[in-house]
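Before any comments, here is the structure.
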Amino acid sequence: MTIETLGDMTREHARVLPEKTALTFVEASVGDTHRSWTFAALDAETNRIANALLAAGIEPGQRIAYLDKNAPEYFLYLLGGAKVNAVSVAVNWRLAVPEMAYILNNSEARVLLVGEEYLPALAEMSLEHAGTIVVLGDPGSTGYPTFEQWLAGQSDVDPHVSVAPEDVCYQLYTSGTTGLPKGVEITHANFLHAMTASMAAQEFSPDALNLVCMPLFHISGSGWGLIGMYYGASSVMLRDVNLDLILDVIPAFGVTHELFVPAVLQFLLALTKCRETDFSTLK
C-alpha cells in the first residue's frame with residue numbers, strides 16, 4: 001500500500017506494524033504511568049473519530065478545530081479528520097480571546113475540540129459555525145460532551161471516504177504580527193513531499209524514537225509529530241516545553257530525533273542538568 005494521504009499512515013502501519021507503539025504521552029514525569037497507543041489501536045481510534053465527525057455532519061473540505069495545549073487526542077482527531085477529508089485547524093492558545101475567536105470564525109470550523117483549561121475563554125467567544133463542541137477533560141456544567149462521550153458507540157470500521165492527495169488537510173494560521181492571522185493551507189501531497197524528499201537527511205525509520213514537545217498549533221509541533229508517524233517510528237509527546245522533563249525523557253526513552261526552536265535550545269543549554277544528561281541516543 002502506498003501512503004498518499006495522512007489517513008493512509010495509520011492504515012498502512014496498522015497493517016505492517018500493528019503491535020508497535022505509535023504514540024506515548026508523558027504528562028508529568030518519566031516515572032508516572034503513561035498513555036500509549038499501538039498503530040493498530042491508533043487506526044481503530046481514528047476510525048471512531050472519523051465516524052463521529054461524519055455523524056456530526058462534517059463534509060469534505062470543512063474545518064475541524066483544536067484549542068488546547070499538547071494532548072495525544074490531537075493526533076487522533078487530526079488523522080480521523082483526514083480520513084473523512086476534513087481540514088484540521090490548531091488554534092494558538094497563547095492568543096487573546098478575540099484573536100482565538102477570529103481564527104475559529106475565519107476558518108468556519110464546524111467542530112471544536114477544546115481542553116477544559118480553555119473553557120473560560122470559550123465562554124467569552126461568539127462562534128458563528130461551530131455546531132459541535134467536545135471537551136478534553138471535565139466540561140463542568142457547560143453541557144458539552146467529553147471526548148469519550150462523543151465517541152461512545154461509534155464504529156471502529158474505516159469509513160473509506162474518498163480523499164485525494166491534492167485535497168487540503170491542514171490550515172495553520174500565521175502569527176498576525178502585521179495584521180490579522182492568515183490561514184495557510186497545506187495539502188496531503190504538500191505534507192508527504194516534505195516528509196520524504198525534504199526530510200531524507202534526518203534518517204527517520206521505524207527504529208526511530210521521536211520527541212514531540214513544541215506547540216501543536218505550530219508546524220514544529222504537529223508537523224514534526226506526523227513525520228515520525230509517517231515513518232512508523234514511535235513518538236513520545238509532552239504537554240508542553242518542560243525543560244526538566246525533556247532532559248529526563250531523552251535518556252529514559254532513548255530519543256533519536258527531536259526538534260527545538262533556537263530559544264528552547266538556549267534555555268536547555270542554560271541548565272546545569274543539560275551537562276549531566278546522556279544524549280548518546282540522539283541522531
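This chain uses plain numbering: 1 for the first residue, then up along the sequence. Not measured: the values here are computed from a predicted model.
The residues D43 and K83 are annotated as salt-bridged, a charged nitrogen and a carboxylate oxygen being separated by less than 4.0 angstrom. Under a 4.0 Å N-O distance rule, the pair E12/R15 qualifies as a salt bridge. With salt bridges taken as basic N to acidic carboxylate O contacts below 4.0 Å, none links E258 and K283. With respect to the salt-bridge test (charged N to carboxylate O, under 4.0 angstrom), the residues E4 and R11 do not qualify.
N47 and D156 share no donor-acceptor pair across their side chains, judged by distance under 3.5 Å alone. For the 3.5 Å distance criterion, the side chains of K20 and T38 fail to qualify, holding no donor opposite an acceptor. Using modelled atom types and a 3.5 Å distance limit, the side chains of Y173 and Q171 yield a donor-acceptor pair. Looking only at atom types and distance, the side chain of S222 has a donor-acceptor partner in the side chain of Y170 under 3.5 Å away.
Side-chain atoms of H13 never come within 3.5 Å of backbone atoms of P18 as a donor-acceptor pair (strictly under, hydrogens ignored). Side chain of E276 to backbone of K273: no donor-acceptor contact under 3.5 angstrom is found. Side-chain N or O atoms of N70 include one that pairs as donor or acceptor with a backbone N or O of L216 at under 3.5 Å. Under a 3.5 Å cut-off, the side chain of S234 and the backbone N or O of T21 do form a donor-acceptor pair. A donor-acceptor pair under 3.5 Å is absent between the side-chain atoms of E124 and the main chain of A121, judged by distance alone.
Counting heavy atoms from C-beta outward, T187 and E166 have side chains that stay 4.5 Å or more apart. Residues L172 and E185 have side chains not in contact (no heavy-atom distance under 4.5 Å, counting atoms from C-beta outward).
The 12-atom threshold is not exceeded at CZ of F267, counting heavy atoms of other residues, nucleotides or ligands nearer than 6.0 Å.
The aromatic rings of H34 and F253 sit tilted, their planes meeting at an angle between 30° and 60°.
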Verdict with supporting geometry, R48 and E45, salt bridge (charged side-chain N to carboxylate O under 4.0 Å, His left out): CA-CA 5 Å; R48 292 177 67 207; E45 191 76 350; 3.0 Å; yes
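Between F204 and W224, the distance from one ring center to the other falls under 6.0 angstrom.
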